[in-house]
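To start, the structure itself, in structure tokens.
Proteins get letters first, then strands, A, B, ... in listed order; numbering begins at 1 in each.
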Protein chains: 4
Amino acid sequence: MKTRDKIINTAIQLFNEQGTKAVSTNHIATAIGISPGNLYYHFRNKEDIIRAIFVQMDEYGLEKYQIILNKYQPGSIEAMEQTFIMIQEYNWRYRFFKRELTALIMNDPLLKECFHSTNNQMLDMIRYTIDCGIANGSIKAMNDIEKGSFADAIWLVALFWLNYLEVGGEEVNEYTLRRGNDVLRTVLQPYLTGEILKNSTGTAVLHVFN
Amino acid sequence: MKTRDKIINTAIQLFNEQGTKAVSTNHIATAIGISPGNLYYHFRNKEDIIRAIFVQMDEYGLEKYQIILNKYQPGSIEAMEQTFIMIQEYNWRYRFFKRELTALIMNDPLLKECFHSTNNQMLDMIRYTIDCGIANGSIKAMNDIEKGSFADAIWLVALFWLNYLEVGGEEVNEYTLRRGNDVLRTVLQPYLTGEILKNSTGTAVLHVFN
Amino acid sequence: MKTRDKIINTAIQLFNEQGTKAVSTNHIATAIGISPGNLYYHFRNKEDIIRAIFVQMDEYGLEKYQIILNKYQPGSIEAMEQTFIMIQEYNWRYRFFKRELTALIMNDPLLKECFHSTNNQMLDMIRYTIDCGIANGSIKAMNDIEKGSFADAIWLVALFWLNYLEVGGEEVNEYTLRRGNDVLRTVLQPYLTGEILKNSTGTAVLHVFN
Amino acid sequence: MKTRDKIINTAIQLFNEQGTKAVSTNHIATAIGISPGNLYYHFRNKEDIIRAIFVQMDEYGLEKYQIILNKYQPGSIEAMEQTFIMIQEYNWRYRFFKRELTALIMNDPLLKECFHSTNNQMLDMIRYTIDCGIANGSIKAMNDIEKGSFADAIWLVALFWLNYLEVGGEEVNEYTLRRGNDVLRTVLQPYLTGEILKNSTGTAVLHVFN
DNA sequence: CATGAATGAGGGTTCATTCAT
DNA sequence: GATGAATGAACCCTCATTCAT
């Protein structure tokens, strides 16, 4: 693996374990076995590393989402569930990021802009998915205000389920993630036309988190 | 005002504005106009300040909640809405705390225990409220698993609406808080028996946030 | 007991346990249950406390020595043994002082002078005792140079036996103190005329150290 | 000279002059002309410096002792005298260490263990030397208890002669060191078989202390 | 690409001491 | 005699960052 990638991956791991403030650039360099100077050859500063991680996050998320879109009908229940699972896996993989999001964004306007752009794209996708669902009859019709709140509710659950678990002192595992899916379904189900959501099997999640 | 209270209040303000890591104990002391030594006369260390803030938070939340319970029927829609508004105000007042929650809890086991205890109490209250609602007929009957997910959904929205706004780059104001109420209603409404929730007027929120 | 004496006694105890640098004036005040201001009403500063302890030490040592002189013939073996035991008890009671002696003296010229004066008095007493012993025939005759070395040897053992134990990682107790007496006898015996020193019974030491 | 060595040497010098507590890490750094950060690049903390000094002490003492063993017959009077002179030189070179020994050991369990190990080795060597002396007839026969006291007496004088001088307010110089040798001889001589110890010329000491 | 010694500002914290009450 | 809040210098140590090699 290239040094640059080693830095990014090691940084992600250490940030997840200890938080960005507790992990110094020298810690990262030591963990990889390179010199502090070398780290600064590849990145201008610590923020630069975090921004690079964000770029990776972005690409990773998009890629995974494309896979889902290729497999499942947009607006279908399956697509929604798979997306939720994917987002949880994503949130777990980069969990330091969401945990410290506000602080990170406060200190780095560039990152702030990048993040908001991505976040808005995701919300747009959700709204588009809802529109698809309404169009194909799987979701009940609703006006724009209702649609906005519905999208917010879904995105809120997807975004913060992991934080909700952490904050509640619960481990992140197959079972607690399935519970997240149940919560999402609690929000979704009343707005679906008829088809009853199958119980999540959790298998998709299972092999992802280890 | 006593020095101890000045320290707590100034710390809250600076933590909210810049985050706990960016605010040094000397910053706090300077902001108040006292010596660094004096700050350490009143608190053993930085964590001690944060714990003292948490104690204040706890008391503040309980007090506000009592006021609501004295005014509104537990399990009623009004009580829920008022509680939601109250929680948002609370979250805003101590917004650094929720933003950095995981990191704070990671570094201070004492705080971790305190927080989990409070958090579980809140969840218990929500479940109790749901039971009241079911008992008095305002909420549809549901089994225990459904009830668990329903409570999680409600608590998730209440806990993280502010973070959702911050993360989305939206200001916290009367309008965005009302939207939070709308999202909560999106989740609640389908599980209510008949009575349609009135649109939130937002007046209660209005004078609270300035 | 008067506050001033409480301060001195508590300071001795804490200094013995933790060393003078680790024990702050506030620690002393807290340990007694008085305010820091009150401590500074009784003593001008920390050094002043240490000097007061030294004065107490001096009086204590003199007093104990007088008791021995009243009971035993100066220059007799019994007087020497009793004196040795007394000095060990004294060194133990104020053990922080000998441990940190050089450092304390370095930082306080006043204390330095006081200590040297006392120390010289003790050496004079030893030389006088030797003279007595030679005069009454219990100690072999020797020239002045030999007498000087002999006095140094005796005083060295008496002064540093406790430090020798501490440095060697040995506890200070009845047994190790008796060993100190044996070492002293190893130095003394060859210079005595005929009378064989009785084995130390240790009883005198026993009830002193608890 | 390498920075690491500069730190060690400067630390020894300053510690000797002012004591370990009075000398801050910043003092050391300033004295060398390096930044505080650089000092902490080479040593984890202040204790680490002291431990490094101890390691140097150990090596230095062993090396010097080997030289003596190669030149003089073990158990011979010459070897003892040379060793005594060497130990005084050693104690002077690292005089802060013996002065503060108990305090240093109290605060650093690692150092404690290291020191005790070295100290026991030295005592073992002395006992071995006595055995050699008895075996080759230069030291009178004695039982084990006597041997133990004899070894303690010798080691006590060797260890604390310098402290005895400091505590007595005497300078450390050629003359006072020779007096130390005289004291040692006062203890030794009665236990030697016949050969009379020559007066120490002190020449070996002379060129060592400047 | 990479090293690693070096920088220096700043962080949390302690403590001898003061002083108004 | 006594209180206790307050001071401020100093301490140990960290860390993002630089730069000669």
A correct dot-bracket answer for DNA chain F, with pairs being Watson-Crick or G-U at under 3.5 Å, [ ] for crossing pairs and | for inter-strand pairs, is .||||||||||||||||||||

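- The aromatic rings of Phe97(A) and Phe54(A) sit parallel, their planes meeting at an angle under 30°, below the 60° perpendicular limit.
- To the nearest angstrom, P of dT13(E) lies 11 Å from CD1 of Ile28(B).
- When the C1' atom of dC1(E) is taken as reference, atom CD1 of Ile7(A) falls 11 Å away, rounded to whole Å.
- At a threshold of 4.5 Å between non-hydrogen side-chain atoms, the residues Met57(A) and Thr118(A) do not count as touching.
- At the phosphate of dG1(F), neither OP1 nor OP2 sits under 4.0 Å from any side-chain N or O atom of Thr3(C).
- For dT3(F), the OP1/OP2 oxygens have a side-chain nitrogen or oxygen of Ser35(C) closer than 4.0 Å.
- Partner of Glu166(A) under the salt bridge (charged side-chain N to carboxylate O under 4.0 Å, His left out) criterion, out of Arg99(A), Lys98(A), Arg95(A): Arg99(A) alone.
- By the 4.5 Å heavy-atom criterion applied to side chains, Thr10(A) and Leu14(A) are counted as neighbours.
- Arg4(C) places its CZ atom 17 Å from the C1' atom of dA2(F), with the value rounded to the nearest Å.
- Taking atom P on both nucleotides, dT21(F) is separated from dC1(E) by 23 Å, rounded to a whole Å.
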Report, as a single string ordered 5' to 3', how protein heavy atoms within less than 4.0 Å touch nucleotides 14-21 of chain E: B base, S sugar-phosphate only, - not at all. BBBBBB--

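- Remark: of the listed residues Phe96(D), Tyr90(D), Trp92(D), Tyr90(D) is the sole one forming a ring-ring contact (aromatic ring centres under 6.0 Å, His included) with Tyr94(D).
- Each of Gly33(A) and His42(D) has a nearest nucleotide on DNA chain E; the 5'-most of these lies closest to Gly33(A).
- If you measure from atom CD of Gln18(A) to atom P of dT14(F), you get 14 Å, rounded to the nearest angstrom.
- Residues Ala52(C) and Arg4(C) come closest through the heavy atom pair CB-NH2, 3.8 Å.
- Contacts of Leu39(D) with the nucleic acid, taken as non-hydrogen atoms under 4.0 Å apart, are absent.
- Residues Asn38(C) and Ile32(C) form no side-chain contact, since every pair of their non-hydrogen atoms from C-beta on lies 4.5 Å or further apart.
- When the P atom of dG1(F) is taken as reference, atom NZ of Lys6(C) falls 12 Å away, rounded to whole Å.
- To the nearest 0.5 angstrom, Asn119(B) atom CG is 6.5 Å from His116(B) atom NE2.
- In this structure, Tyr41(C) OH and Ile7(C) CD1 are separated by 11.5 Å, a value rounded to the nearest 0.5 Å.
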